[in-house]
Amino acid sequence: MRFPLLSKAAALAGVIIVLLVALFRVEGLVHERQMRQREAEANLQESLASPQTVLGPVLQMRCVETWERAEGEGKDRKTVTERRDQLVTGWPRTLSAEATASIEPRYRGLFKLNGYLAQGTVNARFDALAPPRPSVEQPGSRLHCDAPTVAVALSDARGIRSASVQVGGHALPVQPGSLLKTQAQGFHVTLPPAAADAPFEVKLALELAGTRSIGWAPVGQENTVQLISPWPHPSFAGRFLPVEREVTPQGFRARWQVSALATTAQAAAERGAALCEAREDGGYNTPAPAERAACIDTFGVGFIDPVNGYLLNERAVKYGLLFVLLTFVTVALVEVMRRLRVHPIQYLLVGFALTVFFLLLLSLSEHLPFWQAYLAAASACTALLAFYGTHVLGGAKAGVVFGAGLGLLYAALYALLQMEQTALVLGSLLLFAVLAGVMVATRRIDWYALIAQTRSEARAGV
């Protein structure tokens with residue numbers, strides 16, 4: 001063989017391509033499992049309840065104005081009754097809510113979804129609701145108004161466990177449906193006669209189940225919401241962050257305070273905008289593509305699971321090629337320093353062992369906590385490669401050192417996965433350290449002499 005180093009480099013390039021294909025297949029499997037998790041979450045939401053957003057209480061009164069109009073002439077002249085429907089809406093002068101949310105995890109096969117049960121009270125103070133005046137354009141018109149109603153709209157009424165409403169200290173029967181223009185899901189109460197002729201207070205007690213997140217629409221002039229939960233990983237979302245929050249390993253406490261001067265929630269609700277689930281970036285998850293203007297301003301909290309096994313698996317696989325290259329560099333360095341000959345097939349077997357680690361990690365993390373799955377997969381692969389290195393690298397000591405190096409590499413990868421904010425700087429430092437180590441270890445090697453010696457040995461073998 002005239003150019004042995006070039007031939008081996010080409011063979012190793014082919015090995016790396018094969019391993020890249022294997023890593024892409026593992027990454028595709030991770031994405032497939034993520035899709036199945038989303039499908040399981042959607043099925044659970046269909047069976048239990050969707051993420052909840054609360055709007056209200058809102059005061060409404062429907063009025064009908066009627067008048068007679070004559071049309072035609074002579075014996076064809078007749079009187080026609082016309083009407084115009086009007087809706088008078090009253091928003092709370094002050095709206096305050098206090099709630100607690102306990103987490104109730106739900107499972108569909110291997111997949112987990114964070115459900116919750118929220119229990120809380122809402123106090124809303126309303127000004128007197130003035131009925132509309134008859135139109136001056138229609139002399140003699142008559143105006144009839146139904147009894148005013150107080151309505152609460154929800155994203156998913158299936159989550160209502162119980163609801164009670166008091167107005168002026170008297171309990172009123174709760175009826176299904178919000179009667180609002182576009183937010184039909186919810187409930188309402190009909191006020192007694194003349195109850196809205198003067199300022200009054202509404203007290204609401206609500207027990208509500210949901211999944212993933214809970215939020216509120218700030219439709220009052222002054223809105224105050226306080227939420228307490230034992231969940232230690234809140235994800236505050238929506239258009240407004242809490243003015244006060246305290247997060248501990250035992251749970252969190254948050255308080256929002258929003259003025260009508262800072263939001264368009266009232267105007268959006270009047271024009272029929274939708275109640276959407278808020279996201280961390282201030283946007284909204286909508287059932288169909290929509291602009292932010294199509295959603296009512298909301299704020300709330302998501303009950304996220306920060307240790308998402310599939311997300312961590314996806315991030316781990318992205319480091320797969322770097323993992324393989326660093327291991328190959330180590331083997332090649334030992335091969336040069338100790339004058340060994342490692343066949344490309346042996347490189348391929350080592351690479352397959354490194355690739356199988358990611359498959360083991362994915363499968364084990366579906367049944368074990370991620371750190372346990374990572375420890376088991378890393379220990380198994382390190383032991384296998386240390387044993388194999390004992391025979392490939394020419395001695396037990398070399399195999400132990402090789403295994404120890406892989407163990408450090410696995411530990412570094414785990415640190416990268418856990419420290420998302422500093423992953424880039426840690427990865428950069430790791431690569432710099434590896435490059436510096438290779439340069440220091442090979443600083444005295446005469447590469448021309450090494451290449452010439454390799455050619456001579458190859459010719460002598462031929």
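Note: hydrogens, waters and symmetry copies are ignored here, and every other heavy atom, side chains too, is used.
- Remark: side-chain polar atoms of Asp127 are not paired, donor with acceptor, to backbone N or O of Pro199 under 3.5 angstrom.
- Once rounded to the nearest 0.5 Å, the distance linking CG of Leu375 with CH2 of Trp371 reads 6.5 Å.
- Looking at residues two or more places apart in sequence or on another chain, you find no side-chain hydrogen bond (donor to acceptor under 3.5 Å, both in side chains) involving Gln37.
- A donor-acceptor contact under 3.5 angstrom links the side chains of Tyr310 and Glu366, judged on distance only.
- Between the side chains of Ser365 and Asn313, at least one donor N or O sits under 3.5 Å from an acceptor N or O.
- Residue pairs meeting the disulfide bond (SG atoms under 2.5 Å apart) criterion with at least one member in residues 200-259, sequence neighbours excluded, do not occur.
- Atom CD of Gln372 has more than 12 heavy atoms from other residues, nucleotides or ligands within 6.0 Å.
- Shown here is Arg125, whose CZ atom has no more than 12 heavy atoms of other residues, nucleotides or ligands within 6.0 Å.
- For the pair Asp146 and Arg62, the salt-bridge criterion is not met [side-chain N within less than 4.0 Å of a carboxylate O].
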Taking it one step at a time, do Arg245 and Arg253 satisfy side chain to side chain contact (heavy atoms under 4.5 Å, CB included)?
CA-CA 6 Å; Arg245 63 179 181 178; Arg253 177 193 300 267; over 6 Å; no
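- Pairs of residues two or more places apart, or lying in two chains, that qualify as disulfide bond (SG atoms under 2.5 Å apart) and include a residue from residues 144-256 are Cys63-Cys145.
- Sorted pairs that involve residues 159-192 and meet ring-ring contact (aromatic ring centres under 6.0 Å, His included), not counting sequence neighbours, are lacking altogether.
- With hydrogens and angles left out, the side-chain atoms of Gln34 and Arg36 include no donor and acceptor closer than 3.5 Å.
- Shown here are the side-chain contact (heavy atoms from CB on, under 4.5 Å) partners of Asn123, two or more places apart in sequence or in another chain: Ser96, Glu201, Lys203.
- Considering only residues two or more places apart in sequence or on other chains, Thr211 meets the side-chain hydrogen bond (donor to acceptor under 3.5 Å, both in side chains) condition with none of them.
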